[in-house]
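First up is the structure itself, then whatever we jot down about it.
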Protein chains: 2
Amino acid sequence: MAAPNVYDSACSARLALELIASKWAMLILPALSAGPMRNSALLRKIGGISQKMLTQTLKDLERNGLVIRRDMQTVPPHVEYSLSKLGASLSEALITLDLWAERYSDDLDAARGRFDAGLRP
Amino acid sequence: MAAPNVYDSACSARLALELIASKWAMLILPALSAGPMRNSALLRKIGGISQKMLTQTLKDLERNGLVIRRDMQTVPPHVEYSLSKLGASLSEALITLDLWAERYSDDLDAARGRFDAGLRP
DNA sequence: CTGTATCCAGCTCGATACTG
DNA sequence: CAGTATCGAGCTGGATACAG
């Protein structure tokens, strides 16, 4: 049997990569690493996300076993989302990436400035 | 001054995150971590990528200072792409993610199977 | 070999309105 | 509070043809 390989477009590892390679997944999972959160709290924490994308991404993550949805069955509704063990292991790697983005965003800005300036001398 | 924060949609760190949160970037940068590669070699290595997306993503990565483009100025053309120091530091984090995808793709498959089965009992 | 240019089908995603 | 449903503008990205 072939080993899983992200470079193979027919491999299920590629599917996994495509699930991860999403702006919202890369924010939702790390957000949940601090503990369970409710829909409204995530909506507040993650700037720019719409209710639609939050619901959609959470459902996708739940479907893939990364996020656990816990409905308290109360009125008014109280639903909590948390990381599964698998989700927690992924979240660690994503946090590294988020931190990288925060640490080097200035360098990227500068590089863009230089590149764009060089195009019209 | 506010610290860079990926959760803030107006922060340039979010821009950085969106650059990274791309299926192709997550494959191209790790591919280059083994050493410089040519356009055709990347096209062969990365299954499913089109010439258009390869060119487009490489240009975007170059613009942000992550990839260095070296044109040998020969006929026929010989162009090599390599990682900048910044790109190399990002590539490490991306490789971790790629390895995660390869290691756990089976678990994701299984979770999806269970989830989808539970929806039609 | 390493691109560029163009077309356009299909998907994404925000906005809005509504429900239990 | 936590969603669902629907619409449609705009972006994405593959296919194809062409170029230095």
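Note that these values count all heavy atoms, side chains included, but never hydrogens, waters or copies made by symmetry. Letters A, B, ... are given to chains in the order of the sequence lines, protein chains preceding strands, and every chain is numbered from 1. On a predicted model such as this, the values are computed, not experimentally measured, just so you know.
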- In one Ile/Leu/Val/Met/Phe/Trp/Tyr side-chain cluster, 4.5 Å: B:Ile68, B:Leu86: no

- First contact, last contact: which nucleotides of DNA chain C are these for chain A, 5' to 3', heavy-atom distance under 4.0 Å? C:dC13 to C:dG20

- For DNA chain D, what residues of residues 73-80 of chain A have any heavy atom nearer than 4.0 Å? A:Pro77, A:Val79

- Message: Quick check on contacts: within residues 12-32 of chain A, what sits under 4.0 Å from DNA chain D by heavy-atom distance?
- Response: none

Distance-only check: which donor-acceptor pairs under 3.5 Å involve side-chain atoms of residues 56-63 of chain B, not counting sequence neighbours?
{"from": "B:Thr57", "atom 1": "OG1", "to": "B:Met53", "atom 2": "O", "distance (Å)": "2.6"}
{"from": "B:Arg63", "atom 1": "NH1", "to": "A:Asp116", "atom 2": "OD1", "distance (Å)": "2.8"}
{"from": "B:Arg63", "atom 1": "NH1", "to": "A:Asp116", "atom 2": "OD2", "distance (Å)": "2.4"}

- Bend across the helix from C:dC1-D:dG20 to C:dG20-D:dC1, to 10°, with axes taken over 5 pairs at each end? 50°

- Is there a residue in residues 46-64 of chain A whose heavy atoms reach under 4.0 Å of DNA chain C, and which residues are they? A:Ser50, A:Lys52, A:Met53

- Hydrophobic cluster (4.5 angstrom, side-chain heavy atoms) - remaining members for A:Leu99: A:Ile95

- Task: Could you name each residue pair satisfying ring pair (Phe, Tyr, Trp, His ring centres under 6.0 Å) that touches residues 68-104 of chain B, not counting sequence neighbours?
- Result: B:Trp100-B:Tyr104

- From the 5' end of DNA chain D to its 3' end, which nucleotides mark the outer limits of contact with chain B, defined by a 4.0 Å heavy-atom distance cut-off (strictly under)? D:dG13 to D:dG20

- Kindly write out the residues that satisfy side-chain contact (heavy atoms from CB on, under 4.5 Å) with A:Ala13, not counting sequence neighbours, or none if the list is empty. A:Pro4, A:Val6, A:Cys11, B:Glu102, B:Ser105

- Message: List the residues meeting side-chain contact (heavy atoms from CB on, under 4.5 Å) with A:Leu15, not counting sequence neighbours, and say none if there are none.
- Response: B:Arg112

Can you give the donor-acceptor pairs under 3.5 Å from side chains of residues 25-40 of chain B to other protein atoms, not counting sequence neighbours?
{"from": "B:Ser33", "atom 1": "OG", "to": "B:Pro30", "atom 2": "O", "distance (Å)": "2.6"}
{"from": "B:Arg38", "atom 1": "NH2", "to": "B:Pro77", "atom 2": "O", "distance (Å)": "3.4"}

- Item | Test item: A:Ile49 and A:Leu42 side chains (from C-beta on) under 4.5 Å apart, heavy atoms | no

- Message: We want to know whether A:Thr96 and A:Glu92 form a side-chain donor-acceptor pair, criterion being a heavy-atom distance below 3.5 angstrom.
- Response: no

